[in-house]
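Everything below concerns the one structure shown next.
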Amino acid sequence: VHFHKVRFQIIYCYRGWVRVVYEDQGAPFVMYEGDCVLQPSGIRHRVLESAPELEVIEVASPGEHETFTDTDLELPTSVVDLQREYSGQCFVHHQANAARWQSWWLPGFESRDTGVAQASKGLVSVQVARLARNMEAEACSHDGELMFFFVLQGEITLHCEGEGDSYINTADAFTVPAGLPFVFSNPSKDLELLEVTLPAKHQIRHHQPETLPEAR
């Protein structure tokens, strides 16, 4: 049993499965591919078992943070309090097989929201986006603190102003700095992106055609 001191920490199950248990969140459960949790600072938890091929994507702030063991607490606890707050945030377990898809900020894509934005009180957002129909290259920029992407599957071309084309493939990750115009183009039909943004609500600016950076 252990816990972390963090600003925020999310775990996304990328490959395989893992069985975990969390303080005051009921019985142990299994996270499958596509599932995600928000682990608030201070929540006690334990990894019980996992598939040999398990891979998770962890995004945390700060990147280097303190971890402590708790030798006195046994999990699961007898109390179940799904609304409990830990350092101002609630635990959330997003299950991919029950997700609802909706429009994303980039035309041509749809996304599923993991519920992390609400549970973190607007601190951070975690969404999975996929291609829904044909898209047109469109330049965008943002004013947030963090915009992080991980390519769950497929491939896409990224062009940032002042830079050449970057060909992004499955399992690649990248961040886009605030204020930098960028363009997505040439997505594969099976493209899926994990997006983590801080704060959850930030402004996306769609640039006019005459201000598009030259994309090849």
Side-chain angles (χ1 to χ4, degrees), residues 4 6-14 31 34-41 56-65 85-96 99-132 135 137-161 163 166 168-185 187 191-207 213:
H4 313 280
V6 289
R7 184 181 181 195
F8 76 87
Q9 183 179 32
I10 66 104
I11 305 292
Y12 183 94
C13 187
Y14 180 48
M31 291 178 63
D35 292 355
C36 178
V37 295
L38 171 68
Q39 294 183 169
S41 181
V56 301
I57 302 163
E58 175 187 352
V59 184
S61 175
E64 295 184 3
H65 51 266
E85 292 190 4
Y86 306 81
S87 302
Q89 299 177 22
C90 293
F91 173 82
V92 66
H93 172 209
H94 170 75
Q95 296 175 276
R100 295 182 178 180
W101 293 85
Q102 57 191 7
S103 297
W104 198 40
W105 56 263
L106 188 61
F109 284 81
E110 61 183 3
S111 67
R112 56 179 169 95
D113 193 315
T114 61
V116 168
Q118 181 177 356
S120 67
K121 305 297 179 65
L123 176 63
V124 60
S125 172
V126 179
Q127 297 190 66
V128 174
R130 67 185 182 189
L131 193 66
M135 64 162 288
E138 179 176 324
C140 301
S141 62
H142 72 96
D143 65 353
E145 180 179 340
L146 172 70
M147 178 175 275
F148 166 86
F149 293 97
F150 183 95
V151 183
L152 298 169
Q153 65 178 32
E155 57 187 30
I156 195 168
T157 301
L158 170 69
H159 183 96
C160 293
E161 188 175 61
E163 305 287 342
S166 296
I168 313 296
N169 298 301
T170 300
D172 289 348
F174 60 95
T175 60
V176 178
L180 178 67
F182 65 97
V183 178
F184 287 145
S185 62
L191 179 69
E192 283 197 358
L193 298 169
L194 174 68
E195 179 200 40
V196 180
T197 57
L198 179 72
K201 290 185 177 180
H202 56 276
Q203 183 178 5
I204 298 290
R205 180 185 175 195
H206 298 268
H207 294 257

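Values below: every heavy atom of this structure, side chains too, minus hydrogens, waters and symmetry copies. Just so you know, these numbers come straight off a predicted model, no measurement behind them. All residue numbers in this chain count up from 1 along the given sequence.
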Return the minimal non-hydrogen interatomic distance between [X] and [Y], and the atom names on each side.
X: A117; Y: A200; answer: CB-CB, 3.7 Å
X: L123; Y: R7; answer: CD2-O, 3.6 Å
X: A60; Y: Q9; answer: CB-CG, 4.0 Å
X: Q95; Y: D35; answer: CA-OD1, 3.3 Å
X: C140; Y: W105; answer: SG-CZ3, 3.8 Å
X: S103; Y: S111; answer: O-OG, 3.9 Å

Are any non-hydrogen side-chain atoms of [X] and [Y] less than 4.5 angstrom apart?
X: H94; Y: V116; value: no
X: N169; Y: V151; value: no
X: M147; Y: F182; value: yes
X: F148; Y: V126; value: no
X: D113; Y: Q118; value: no
X: R112; Y: R130; value: no
X: L152; Y: I57; value: yes

Could you tell me the separation between the [atom1] atom of [X] and the [atom2] atom of [Y], rounded to the nearest 0.5 Å?
X: E192; Y: F109; atom1: CD; atom2: CZ; value: 11.0 Å
X: Q153; Y: L193; atom1: CD; atom2: CG; value: 10.0 Å
X: L191; Y: I156; atom1: CG; atom2: CD1; value: 5.0 Å
X: L106; Y: E138; atom1: CG; atom2: CD; value: 6.0 Å
X: E58; Y: I10; atom1: CD; atom2: CD1; value: 8.5 Å
X: C36; Y: L194; atom1: SG; atom2: CG; value: 7.0 Å

task = Count the heavy atoms of every other residue, nucleotide or ligand shown that sit under 6.0 Å from CD of E85, and state whether that count exceeds 12.
result = yes
task = Start with the C-alpha distance between H202 and E145, add both sets of side-chain angles, then the distance that settles side-chain contact (heavy atoms from CB on, under 4.5 Å), and finish with yes or no.
result = CA-CA 9 Å; H202 56 276; E145 180 179 340; over 6 Å; no
Could you tell me whether a side-chain N or O of [X] sits under 3.5 Å from a main-chain N or O of [Y], the two making a donor and an acceptor?
X: H142; Y: V176; answer: yes
X: S41; Y: S87; answer: no
X: D143; Y: Q203; answer: yes
X: T170; Y: G154; answer: yes

query = Are the aromatic ring centres of F150 and Y12 under 6.0 angstrom apart?
reply = no
query = So, for F184 and F149, is the gap between ring centers shorter than 6.0 Å?
reply = yes
task = State whether a side-chain donor-acceptor pair under 3.5 Å links H207 with S141.
result = yes
